[in-house]
Peer 1: 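Before I ask anything, here is the structure I am working with.
Counting starts at 1 for both ligands and their atoms, following the listed order.
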Amino acid sequence: MPAASTRFNTMWKGRFAQDTSSLVQQFGESITYDWRLFPHDIAGSIAHARAQMNAGLLTQEEFTSIEAGLRTIEADITEGRFEFKTSLEDIHMNIEAELTRRIGAAGAKLHTARSRNDQVATDTRLYCRTQIDKLLEATTLLQEALLERAEAHASTIIPGYTHLQRGQPVTVGHHLLAYVEMLERDKSRLHDCRQRLNVSPLGSGALAGSTINLNREAIAAELGFTGVTRNSMDAIADRDYIAELLFVIALTGAHLSRLSEDLILWCTAEFGFATLSDAHTTGSSLMPQKKNPDVCELTRGKTGRLVGNLMNLLVAIKGLPLTYNRDLQEDKPPLFDSVDTLTLTLAVNTEMIRAMEINSTTCLKAASDPMLLATDLADHLVKKGVPFRHAHELVGKAVAAAIATKTPLDQLDLAAIDPSYGPDAKDVFSLDRALKSRTNPGAPSVENILKEIEAWKNGRLRA
Ligand code: ARG
């Protein structure tokens, strides 16, 4: 956290006769949060300085002293020894001013053919790229935790729900694999976003490039970019890549929020399908019996922030004329918040899922409601030549009779209701058989589920 300072900012003060008001400094500074860009700012500056040397603008000695100076600043920031100044507004000016203080004249040459506008665009792209790689890894770890639980409960039968009403039997494994699918799509979106953002804006200057031509491709290559941006105005104004990342983060949050909601239900006394460990639940200060799924609730709650951060950025950019406007500085708080929030959310959910117990007996009991096989009963009639709409009607009547006479559906004399049921209708009421016959790709036969798990474990999970 930077110390407050009233020192005059000398970096753009040439034409100004008055000091900047301290309220304006407080209002306009970004160093309290953009200090986190420092490793990227330093990498960008070193690549830029090397291009300056190669263009004959810096001697080898000057370059060497800039590079060494930047490395010592990097070490000082990393070790917490660096004193940030709000009077220097942002990370770019804090580093540059300190470099010049440390190494003298060469430091003052660094900003040649560069603006903070292409500099901040570069730093932010590098930051997003690094964070995307971390999010990909963290998401894969959560998928692995889900896969482990799915494998252990590939054949643990539960009701599958629509409208939160019992629908048809599935298994815990199948249910959890649905989340593995969602997260894999989220990773694929992260990969798309990474690929699109991975171009270098350096050389775009304030908005119109520069009269001093540095080798943009060489700078890009040094920073691991796959190429350079093609329009200096777009490069300065573009924050699409942040919006895309915030969207992917918000959508991942929405997926985790849905998972949370499932787990919250599963952990109620009413469902009882799952038990979270003591390490991942909290108690009540009043009700001694309580064990609350706070991690799930916070995951669900924090998703509001993730969606809000996306809205925050979209609203901030929607009315901006080309190119840079100071509004764009407001891109970073939502970006950092979303990245931090999702990073922690993924980690805590991974740990919680790994330790989650599934209560197989309770699951089976809930799935043993014969009503879950009403659709299978209609399918049985269809196989005997009854048109589906008619079969649906017949089974509906049977369901009504079961409810009216308080008789379980599988105990009714179905042949007495309609002869087309045949003597073998009772065989439908086997959960084992119901699952076994769901063999089409994507359906929850245990064999299918185990095959899916194998496929995920043997290469389908993208790094
Ligand atoms: N701190 C600024 C930001 O994050 C850096 C760019 C400032 N550019 C300018 N023309 N004032 O947007």
Peer 1: Write out the residue and atom name of the closest protein heavy atom to atom 11 (N) of ligand 1, then the distance separating them to 0.1 Å.
Peer 2: R116 NH2, 3.5 Å
Peer 1: Tell me whether R129 forms a cation-pi arrangement with F225, defined as NZ or CZ under 6.0 Å from the six-membered ring centre and within 45 degrees of its axis.
Peer 2: yes
Peer 1: Test: ring-ring contact (aromatic ring centres under 6.0 Å, His included). Region: residues 188-207. Which pairs qualify, not counting sequence neighbours?
Peer 2: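 For residues 188-207: none.
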Peer 1: Pull out every atom of ligand 1 sitting under 4.0 Å from any heavy atom of S30, numbered as shown with elements.
Peer 2: 1 (N)
Peer 1: For the pair R116 and E89, find out whether any cationic side-chain nitrogen is under 4.0 Å from an anionic carboxylate oxygen.
Peer 2: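 So R116 pairs with E89 through a salt bridge.
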Peer 1: By salt bridge (charged side-chain N to carboxylate O under 4.0 Å, His left out), which residues pair with R15, not counting sequence neighbours?
Peer 2: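 Result, salt bridge (charged side-chain N to carboxylate O under 4.0 Å, His left out) vs R15: none returned.
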Peer 1: Where is the nearest protein heavy atom to atom 7 (C) of ligand 1: which residue, which atom, and how far?
Peer 2: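 Scanning the protein heavy atoms, the shortest distance from atom 7 (C) of ligand 1 goes to Y324 OH, 3.5 Å.
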Peer 1: Using a distance-only test with no angle check, is there a side-chain donor-acceptor pair under 3.5 angstrom linking R114 and S45?
Peer 2: yes
Peer 1: Does the Lys NZ or Arg CZ of R125 fall within the cation-pi geometry relative to Y241 - under 6.0 Å from the ring centre and within 45° of the axis?
Peer 2: yes
Peer 1: Kindly confirm or rule out an N or O of K332 lying under 3.5 angstrom from an N or O of ligand 1.
Peer 2: yes
Peer 1: With heavy-atom distances below 4.0 Å as the criterion, list the atoms of ligand 1 near H92.
Peer 2: 5 (C)
Peer 1: Pull out every atom of ligand 1 sitting under 4.0 Å from any heavy atom of Q329, numbered as shown with elements.
Peer 2: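 Ligand 1 atoms under the 4.0 Å threshold to Q329: 1 (N), 2 (C), 3 (C), 4 (O), 12 (O).
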Peer 1: Suppose I only count heavy atoms of D90 and a 4.0 Å limit; which atoms of ligand 1 are within that range?
Peer 2: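 Under 4.0 Å from D90, ligand 1 has these atoms: 1 (N), 2 (C), 5 (C).
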Peer 1: Taking heavy atoms and a distance under 4.0 Å, where does N117 meet ligand 1: side chain, backbone, both or neither?
Peer 2: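 Under 4.0 Å from ligand 1, N117 contributes side-chain atoms alone.
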